[in-house]
Amino acid sequence: MSKVLIIGGGAAGMMAGVFAARNHHEVHILEKNEKLGKKVFITGKGRCNVTNACDTEELFPAMMSNPKFLYSSFYSFTPQDVMEFFEEAGVPLKVERGNRVFPQSDHSSDIIRALERELKKAGAKIHLHTSVKEIVKESETDSVTGVILTDGTFMEGDAVIVATGGFSYQSTGSTGDGYRFARELGLKVTDIAPSLVPLKTKEDYIPKLQGLSLKNTGLTIKNGKKVLYEDFGEMMFTHFGVTGPMILSASAHIGTKLEKAPNGELSAYLDLKPALTKEQLDARILREFEAGPNKQFKNVIGVLFPSSLTPVMLELGGIPAEKKIHDISREERQHFIDLIKAFPFTITGMGEFKEAIITRGGVSVKEINPGTMESKKISGLYFAGEVLDLDAVTGGYNLQIAWSTAYLAAQAIQ
Ligand SMILES: Cc1cc2nc3c(=O)[nH]c(=O)nc-3n(C[C@H](O)[C@H](O)[C@H](O)COP(=O)(O)OP(=O)(O)OC[C@H]3O[C@@H](n4cnc5c(N)ncnc54)[C@H](O)[C@@H]3O)c2cc1C
C-alpha cells in the first residue's frame with residue numbers, strides 16, 4: 001500500500017483518486033478550491049459531455065496532439081468503461097447527436113457528486129482549500145518524497161499524481177501550476193496556447209450580426225488559395241467575431257497556422273445554403289423573383305435569411321436594396337449567389353485563455369511513460385489530464401483524456 005498524493009480535484013484527480021483508493025492505497029486529494037470539480041461543473045454548458053460513445057479506435061482521429069501516446073490509456077479505460085463507471089455510480093446517461101454522452105439529468109453536478117461518493121466509499125481523503133506549492137524529490141534517487149503546501153506544511157507521499165489541469169478558465173482553479181512543478185523538476189513543458197476558442201474577425205459587419213446563430217452552415221478557412229479547414233455545423237456571431245461548436249473545433253485546427261500566416265490573418269467563408277448547389281440556389285431565387293417582379297430586392301431576399309442577416313447581405317451583395325427585381329441582371333444575381341455560398345470574413349486572432357475550453361501544449365509526453373503515466377526521470381511522479389501536452393476537439397474527448405490517463409496512473413501505482 002502506498003500513500004498517494006493527488007494534486008488537483010478536477011476530472012483527472014477525482015478519477016485517479018477513486019481507482020487508487022479502490023486499490024487500497026492511502027489517497028489524499030489536495031484541491032485548492034473550496035469544492036471539487038469546479039471546471040467539470042461548467043462543462044458542456046453545465047450538462048457535462050462526459051465522453052463520446054464511439055469505438056475506442058475512433059478516439060484517435062479526434063486528438064489534436066499526440067494520439068499515439070494515448071493508446072494504452074484509451075484501451076485501458078475506454079469510453080464504454082467510462083459510461084459503465086458512471087452508470088454504476090448512479091448516474092444514468094444518454095447519448096446525443098455525434099455520440100456525445102451526457103447525464104440523463106443534464107446536470108454536470110451529478111457527475112461530480114458521483115465521483116465524490118465513489119471517493120468517499122473507497123476511503124480517499126479530500127483536502128479542500130489546500131494548495132500545493134512545490135513537489136519534493138530526493139535528489140540522489142530521483143524519486144518523489146512528497147509535496148509542500150502554500151502554508152509551508154510538508155506532506156509525505158510515496159507517489160504524487162499531478163492533475164492540476166491546464167491554463168484556461170483560470171477562475172476554476174487551473175492556473176498552470178503543474179507546468180511550473182514539471183519545469184522545477186527538470187521536465188520539458190511544450191509551449192501552451194488557448195484552443196477550442198472563439199475567433200476574432202476583422203470586418204465591421206460581423207459585430208452587426210452579434211447574437212445571430214446559424215445551425216446548418218458550411219465553413220472553409222483558407223491561407224491564400226490553400227484550403228486549411230472545412231467543416232459543417234453550428235456557429236454564432238459575437239461582438240468581436242465568431243464562436244459556436246464549429247468555430248471552436250476550427251480553432252483547434254488552425255491555431256498554429258494562424259500564427260504563421262502572412263499578417264497573422266486567414267480568410268474564411270461561410271456557405272449559408274450548404275444543402276443547395278449554386279444551380280439549385282439560382283433556381284430557388286428565380287422562383288422568388290418571378291413571384292414578384294415589381295418588388296424591391298430588399299423585400300424579396302428576406303425569405304432567404306434570418307432577418308438580422310438581411311441588411312448585411314444587402315450591404316455586401318452589390319445590388320441596391322430598392323432595385324426592382326425585373327431590373328436585376330443575371331450577373332448581379334450570380335454575384336449574390338456567390339456571396340450566399342461564400343460569405344467572407346477574415347480571422348485575425350484567437351480568443352484568450354480565459355475563454356478557451358482547452359489548453360494546447362503542456363508537460364511533454366516524451367517525459368512520460370505512456371503505459372503508466374509516470375515520469376521517465378522521477379520515480380513516483382505521475383501526470384494525468386490536461387496538464388499533459390494532449391488535447392482534442394469537442395465532443396467529450398477531452399474529458400475522456402482526463403478519465404483514461406487518470407485511471408492508468410492510478411492502476412500503475414504499486
Ligand atoms: C467551459 C468549458 C466547457 C467544457 N466542456 C467540456 C465537455 O463538455 N466535455 C469535455 O470532454 N471537455 C470539456 N471541457 C474540457 C474539460 O473540462 C477539461 O479538459 C478537463 O476538466 C480537464 O481535467 P483535469 O482534471 O486535467 O483539469 P481540471 O478539471 O481543470 O482540474 C484541475 C484541478 O486542479 C486544481 N489545482 C490546480 N493547481 C493546484 C494546486 N497547486 N494545488 C491544489 N489544487 C490545484 C484546480 O483547482 C482544479 O480543480 C470544457 C472546458 C471548459 C472550460
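Atoms within each ligand, like the ligands themselves, are counted from 1 in listed order.
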* Asked: Considering only protein heavy atoms, which is closest to atom 21 (O) of ligand 1, and at what distance to one decimal place?
  -> Lys39 CD, 3.8 Å
* Is Ala356 in polar range of ligand 1, meaning some N or O pair under 3.5 Å apart? -> no
* Asked: Would Phe336 and Phe297 satisfy ring pair (Phe, Tyr, Trp, His ring centres under 6.0 Å), going step by step from the backbone distance to the final call?
  -> CA-CA 11 Å; Phe336 196 68; Phe297 181 55; 5.0 Å; yes
* Asked: Heavy atom under 4.0 Å from ligand 1: found in Lys32's side chain, backbone, both, or neither?
  -> both
* Do ligand 1 and Glu386 have nitrogen or oxygen atoms that lie under 3.5 Å from each other? -> yes
* Relative to the heavy atoms of Asn49, which atoms of ligand 1 are at a distance of less than 4.0 Å? -> 7 (C), 8 (O), 9 (N), 10 (C), 11 (O)
* Check whether any side-chain heavy atom of Tyr229 sits under 4.5 Å from a side-chain heavy atom of Lys222, and report yes or no. => no
* Asked: Any idea which part of Ala163 is under 4.0 Å from ligand 1, heavy-atom wise: side chain, backbone, both or neither?
  -> backbone
* Asked: More than 12 foreign heavy atoms under 6.0 Å from NZ of Lys35: is that the case here?
  -> no
* Asked: Does a side-chain heavy-atom distance below 4.5 Å link Val197 with Glu352?
  -> no
* Taking all heavy atoms of Val189 and all of Ala182, pick out the closest pair and write down the distance. => CG2-CB, 3.9 Å
* **Ring centre gap for Phe19 and Phe77 strictly below 6.0 Å** => yes
* Nearest neighbour of atom 5 (N) of ligand 1 from the list Gly385, Gly165, Gly44, Gly166, on a heavy-atom basis -> Gly44
* Structure fact -> Here the atoms of ligand 1 under 4.0 Å from any heavy atom belonging to Ala11 are 23 (O), 25 (O), 29 (O)
* Aromatic ring centroids of Phe60 and Phe74 under 6.0 Å? -> yes
* To do: Compute the shortest N/O to N/O distance between Asn33 and ligand 1 and return yes if it is under 3.5 Å, no if not.
  => yes
* To do: Could you check Met14 against Leu36 for side-chain contact (heavy atoms from CB on, under 4.5 Å), going step by step and ending with a plain yes or no?
  => CA-CA 8 Å; Met14 290 189 280; Leu36 297 176; 3.8 Å; yes
* **From Ile401, Ile357, Val50 - option closest to atom 52 (C) of ligand 1 by heavy atom** => Ile357
* Would you say Ser168 contacts ligand 1, with heavy atoms under 4.0 Å as the rule? -> no
* Between Thr190 and Gly361, what is the shortest heavy-atom contact and its length? -> OG1-CA, 3.3 Å
* **Lys38 to ligand 1, any heavy atom closer than 4.0 Å** => no
* Asked: Minimum heavy-atom separation for Ser195 to Arg360, with atom names?
  -> CB-CB, 4.0 Å
* Asked: Any non-hydrogen atom of Thr394 lying under 4.0 Å from ligand 1?
  -> no
* Number the atoms of ligand 1 from 1 as they appear, then name those within less than 4.0 Å of a heavy atom of Thr172, with their elements. => 47 (O)
* Nearest-contact summary for atom 34 (O) of ligand 1 - protein heavy atom, Å -> Gly8 CA, 3.2 Å
* Asked: Does an N or O anywhere in Gly37 fall below 3.5 Å from an N or O of ligand 1?
  -> no
* Structure fact -> Residues Val242 and Thr201: closest non-hydrogen pair is CG2-CG2, 4.2 Å
* So which protein heavy atom does atom 25 (O) of ligand 1 come closest to, and at what separation? -> Ala12 N, 2.8 Å
* Asked: Where is the tightest heavy-atom contact between Val147 and Ile7, given as atom of each residue plus distance?
  -> CG1-CD1, 4.0 Å
* To do: Number the atoms of ligand 1 from 1 as they appear, then name those within less than 4.0 Å of a heavy atom of Asn398, with their elements.
  => 11 (O), 12 (N), 19 (O)
* To do: Pick out which of Thr130, Thr164, Thr175 makes a side-chain hydrogen bond (donor to acceptor under 3.5 Å, both in side chains) with Lys32.
  => Thr175
* Which atom pair, heavy atoms only, marks the closest approach of Val162 to Phe181? -> CG1-CD1, 4.4 Å
* **ligand 1 contact on Thr130 by region, counting heavy-atom pairs under 4.0 Å** => backbone
* Structure fact -> Looking only at protein heavy atoms, what sits closest to atom 42 (N) of ligand 1 is Val132 N, 3.0 Å
* Gly10 heavy atoms, cut-off 4.0 Å: which ligand 1 atoms fall inside? -> 25 (O), 29 (O), 31 (O), 33 (C), 49 (O)
* To do: Examine ligand 1 and decide if any of its atoms is less than 4.0 Å from a heavy atom belonging to Thr175.
  => no
* Structure fact -> Note: heavy atom closest to atom 33 (C) of ligand 1, options Met15, Glu31, Lys354, belongs to Glu31
* Give the residue and atom name of whichever protein heavy atom lies nearest to atom 11 (O) of ligand 1, and the separation in Å to one decimal. => Leu399 N, 2.7 Å
* Would you tell me which option among Leu149, Leu30, Thr43 has the nearest heavy-atom contact to atom 13 (C) of ligand 1? => Thr43
* To do: Identify, by atom number and element, the atoms of ligand 1 in contact range of Ile358, meaning under 4.0 Å from any of its heavy atoms.
  => 19 (O)
* **Option from Leu70, Val387, Ile161, Ile368 for which side-chain contact (heavy atoms from CB on, under 4.5 Å) with Thr405 holds** => Leu70
* To do: Using heavy-atom distances, let me know which of Thr150, Asp177, Leu248 sits nearest atom 41 (N) of ligand 1.
  => Asp177
